[in-house]
Number of protein chains: 2
Amino acid sequence: MYTYTKERKAYRIWCVNLNQRDIAKLAGVSSATVSRVINNDPSVSAETNKKVSEVIKKYGYVQNAVARNLRLANTKTIGYLVPDISNPFFPAVLGGIERICNSRGYDIIFENTDEDEEIERKAISSLLRFRVDGLIAVFVRCNQADLQRIKMMGIPVVLLDRKIEYTEDYDYVGIDNIGGLYSIVEYLYKLGHRKISIIYGSQDITPGYERLNGYKAAMKKFGIAINEGYLINGDFTEEGAYKGVVQLFSNDELPTAIITCNNLMTMGAYKAIIDMGIKIPDQVSLIGFDDFDFATHLVPPITVVSRATSEMGKLAAEFIIDRIDGNTSDEPRRVFLPTKLIARGSCSLGKL
Amino acid sequence: MYTYTKERKAYRIWCVNLNQRDIAKLAGVSSATVSRVINNDPSVSAETNKKVSEVIKKYGYVQNAVARNLRLANTKTIGYLVPDISNPFFPAVLGGIERICNSRGYDIIFENTDEDEEIERKAISSLLRFRVDGLIAVFVRCNQADLQRIKMMGIPVVLLDRKIEYTEDYDYVGIDNIGGLYSIVEYLYKLGHRKISIIYGSQDITPGYERLNGYKAAMKKFGIAINEGYLINGDFTEEGAYKGVVQLFSNDELPTAIITCNNLMTMGAYKAIIDMGIKIPDQVSLIGFDDFDFATHLVPPITVVSRATSEMGKLAAEFIIDRIDGNTSDEPRRVFLPTKLIARGSCSLGKL
DNA sequence: CGTTCCTTTGTATACGTATACATTAATTGA
DNA sequence: TCAATTAATGTATACGTATACAAAGGAACG
């Protein structure tokens with residue numbers, strides 16, 4: 001594999017790629033001058049600049065970012081680590097991240113962990129080896145060892161959506177889950193609902209935990225006793241919610257309203273309700289956390305609490321780039337974006 | 001910015017990161033030995049291996065992939081270039097790509113072009129500078145200059161979904177659009193429909209072009225004259241399809257069936273039909289290209305032609321990695337996955 | 001005309017890695 | 001017993017870049 005050539009020594013040839021030395025030779029200048037031209041160094045004379053630029057263009061020279069990154073000790077990349085690409089929330093956030101990164105000259109290295117701790121560790125290792133300049137992460141369960149290592153390497157982290165231990169030490173972009181659930185319960189309460197069920201998600205992650213707790217707190221605030229039978233674990237999945245709703249309706253005491261804690265579960269609950277032949281909103285009201293594309297097209301359109309996903313991505317990207325540039329005080333920046341209740345047609349007056 | 005220290009010279013310090021030389025010193029061996037341990041070179045003795053491994057672990061050494069990539073002239077990355085991350089098709093494909101890449105040790109650099117040629121050119125440049133080992137691309141309009149440059153650099157390309165000029169020179173993963181439309185028209189024909197309208201997408205890209213042409217070819221095959229008034233440009237968007245359907249129904253001669261050419265347009269058409277108070281499938285039949293989550297739970301459930309999105313990603317990733325490894329003949333591999341008609345409830349017998 | 005300063009370009013080098021080649025110690029074989 | 005072979009490790013170097021420092025030439029100024 002190690003082959004010497006007369007002019008250039010190569011392990012595996014980068015095909016026909018020219019480097020700055022080649023361009024220098026072709027243009028009759030030194031490689032330093034070529035580098036200066038490429039980096040718009042003002043000390044280069046107009047004449048030289050033109051000469052070199054023409055050679056670069058003529059021969060289609062493409063800068064080698066690998067070497068550049070090694071020399072500069074940065075990579076102009078940020079890592080985006082998500083637990084589940086099939087959840088539309090994450091591509092939506094990616095859209096926002098991408099927009100900011102693109103305008104600031106950063107590229108994105110994408111990692112999906114499939115909610116698996118082992119894969120997550122590998123993904124983090126990979127990102128560290130790559131020397132990403134920053135990391136936007138939705139951790140499954142990032143252990144302290146990994147976190148410590150990231151910190152030691154001086155790589156800034158912005159936590160997204162899910163909180164983890166010591167979240168307060170890091171920049172964070174999330175939403176006001178408690179407030180979101182409060183607005184849902186308030187909305188249902190004012191419509192007259194008292195028998196309010198919630199299909200909640202995994203309690204291991206903060207969105208799951210906070211939303212259920214937000215529900216409980218709001219119920220308490222409005223003086224409604226919590227019926228344990230109305231609390232159903234839907235595991236943040238469509239199937240989980242489907243089964244949960246079927247189970248819910250096998251009980252004697254039926255709820256008049258159902259809250260679902262993410263868009264996948266809203267779909268699952270909707271399907272279950274329709275499949276059981278129950279009418280929304282006449283027989284039961286449905287309200288979901290997270291808006292989704294088809295919510296407006298279902299019959300009836302589904303009332304939801306929405307959050308600004310793309311905005312979350314933009315903020316996270318801005319936070320991380322500010323941190324990379326050192327444009328921030330040491331104090332972690334923590335943002336909790338407000339949610340917004342969008343009333344459509346899936347909630348009706350509850351019987352008092 | 002250029003600061004010399006006694007032991008190490010650094011431009012900008014990689015924080016506290018140790019390198020192989022540091023580990024070598026700590027373990028009392030040479031840096032070559034450290035490198036050998038890291039790369040599992042069998043020539044290292046068990047004793048040395050253990051000694052070095054312990055130091056690596058103790059000090060949390062993280063390999064620098066930037067330097068490694070420079071030395072090895074590869075990066076173990078592939079670029080994924082898409083025109084519109086907000087279209088659920090692309091994250092769905094990404095899921096498949098990610099799975100294969102993950103198992104084969106490749107990371108993904110993601111680029112979104114927003115259907116903009118200028119952004120696309122920049123994204124391609126960025127990927128080339130990064131020396132991605134391969135590229136999976138859905139080009140907006142990749143010009144020959146860029147394509148030529150990619151080829152010159154020896155970077156293999158797998159085209160996805162959209163074809164471009166000289167597609168036949170590249171590996172390609174797509175679907176059988178012509179066959180998909182044929183099966184739709186055949187299905188409607190056998191139900192007795194003759195007045196068949198199509199809401200088609202952008203003719204600048206092959207999925208738009210081929211689907212419309214597939215419709216025309218199938219219509220001809222079944223001996224149905226094409227009514228120009230039934231051909232509506234819906235621009236592959238929900239709004240476009242909505243307006244298109246409204247326009248369609250402002251004509252005198254109404255169709256008995258409508259074909260939509262992607263899932264967004266299916267939703268738009270559905271909504272328009274519902275909003276106009278027209279009954280599906282009694283007054284008009286609706287059949288869409290591309291399945292989508294809620295197709296089964298609309299009223300009525302929508303009949304569609306589906307394609308295996310995740311499978312497309314897996315195939316593309318396998319193709320590109322095979323190409324990188326040189327495990328393929330020079331002959332381009334071109335796959336057209338079949339589509340599958342899923343009959344639900346949105347098409348009824350047409351009046352003959 | 002000599003000194004100083006500025007502009008422009010060149011020379012040399014380090015970033016961290018992997019490995020060819022050199023070297024040493026250990027083992028084998030006749 | 002000593003040369004030949006093998007095993008294990010060390011030394012030196014190139015990958016392509018950016019830039020500190022050196023150098024050279026010219027302009028400005030007294």
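Numbered from 1 within each chain, the chains take letters A, B, ... in sequence-line order.
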Compile the donor-acceptor pairs under 3.5 Å between side chains in residues 89-100 of chain B and protein atoms, sequence neighbours left out, one pair per line.
none

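A salt bridge is defined here as a Lys NZ or Arg NE, NH1 or NH2 lying under 4.0 Å from an Asp or Glu carboxylate O, and B:R104 with B:D322 meets this definition. A salt bridge is defined here as a Lys NZ or Arg NE, NH1 or NH2 lying under 4.0 Å from an Asp or Glu carboxylate O, and A:E168 with A:R333 fails to meet this definition. Salt bridge status for A:E115 with A:R162: present, with a side-chain N to carboxylate O gap under 4.0 Å. A salt bridge links B:R323 with B:D171: the distance from a Lys NZ or Arg NE/NH1/NH2 to an Asp or Glu carboxylate oxygen falls below 4.0 Å.
Contacts of B:D41 with the nucleic acid, taken as non-hydrogen atoms under 4.0 Å apart, are absent.
Per the geometry, CG belonging to B:N40 stands 11 Å off P belonging to C:dA18, to the nearest Å. Distance CD1 (B:I38) to P (C:dG16): 13 Å, rounded to an integer number of Å. Separating the CG atom of B:L72 from the C1' atom of D:dG16 is a distance of 14 Å, rounded to the nearest angstrom. If you take NZ of A:K51 and C1' of C:dT8, they are 12 Å apart, rounded to a whole angstrom. One can place NZ of B:K25 at 12 Å from P of C:dG16, the figure rounded to the nearest angstrom. Rounded to whole Å, the distance from CG on A:N69 to P on D:dC15 is 18 Å.
Each end of the helix from C:dC1-D:dG30 to C:dA30-D:dT1 gets its own axis from five base pairs, and the two axes differ in direction by 50°, given to 10 degrees.
Listed by first and then second residue, the salt bridge (charged side-chain N to carboxylate O under 4.0 Å, His left out) pairs involving residues 120-130 of chain B are B:R121-B:D146 (not counting sequence neighbours).
Close to C:dC15, at under 4.0 Å from its OP1 or OP2, lies a side-chain N or O of B:R21. B:Q20 has a side-chain polar atom (N or O) that falls below the 4.0 Å cut-off from OP1 or OP2 of C:dA18. An OP1 or OP2 oxygen of C:dT17 is reached within less than 4.0 angstrom by no side-chain nitrogen or oxygen of B:N64.
Remark: A:K151 qualifies as a cation-pi partner of A:Y170 under the 6.0 Å distance and 45° angle criteria applied to the six-membered ring.
Applying the side chain to side chain contact (heavy atoms under 4.5 Å, CB included) rule to B:S86 yields the partners B:D84; only residues at least two apart in sequence or on another chain are considered.
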Listing time: all N or O pairs from protein to nucleotides 8-12 of chain D that are below 3.5 Å?
from	atom 1	to	atom 2	distance (Å)
D:dT9	OP1	B:S45	OG	3.0
D:dT9	OP1	B:T48	OG1	2.2
D:dT9	OP2	B:S45	N	2.9
D:dT9	OP2	B:S45	OG	3.3
D:dT9	OP2	B:T48	OG1	3.4
D:dG10	OP1	B:S30	N	3.4
D:dG10	OP2	B:S30	N	2.8
D:dG10	OP2	B:S30	OG	2.9
D:dG10	OP2	B:T33	OG1	2.6
D:dG10	N7	B:R36	NH1	3.4
D:dG10	O6	B:R36	NH2	2.5

For nucleotides 22-27 of chain C, list the nitrogen or oxygen atoms of the protein found under 3.5 Å from its nitrogen or oxygen atoms, one pair per line.
none

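For the residue pair A:N39 and A:R68, a side-chain donor N or O sits within less than 3.5 Å of a side-chain acceptor on the partner.
Shortest non-hydrogen contact noted between A:I23 and A:Y59 is CD1-CB, 4.4 Å.
In the displayed structure, A:K314 atom NZ is contacted under 6.0 Å by at most 12 heavy atoms of other residues, nucleotides or ligands.
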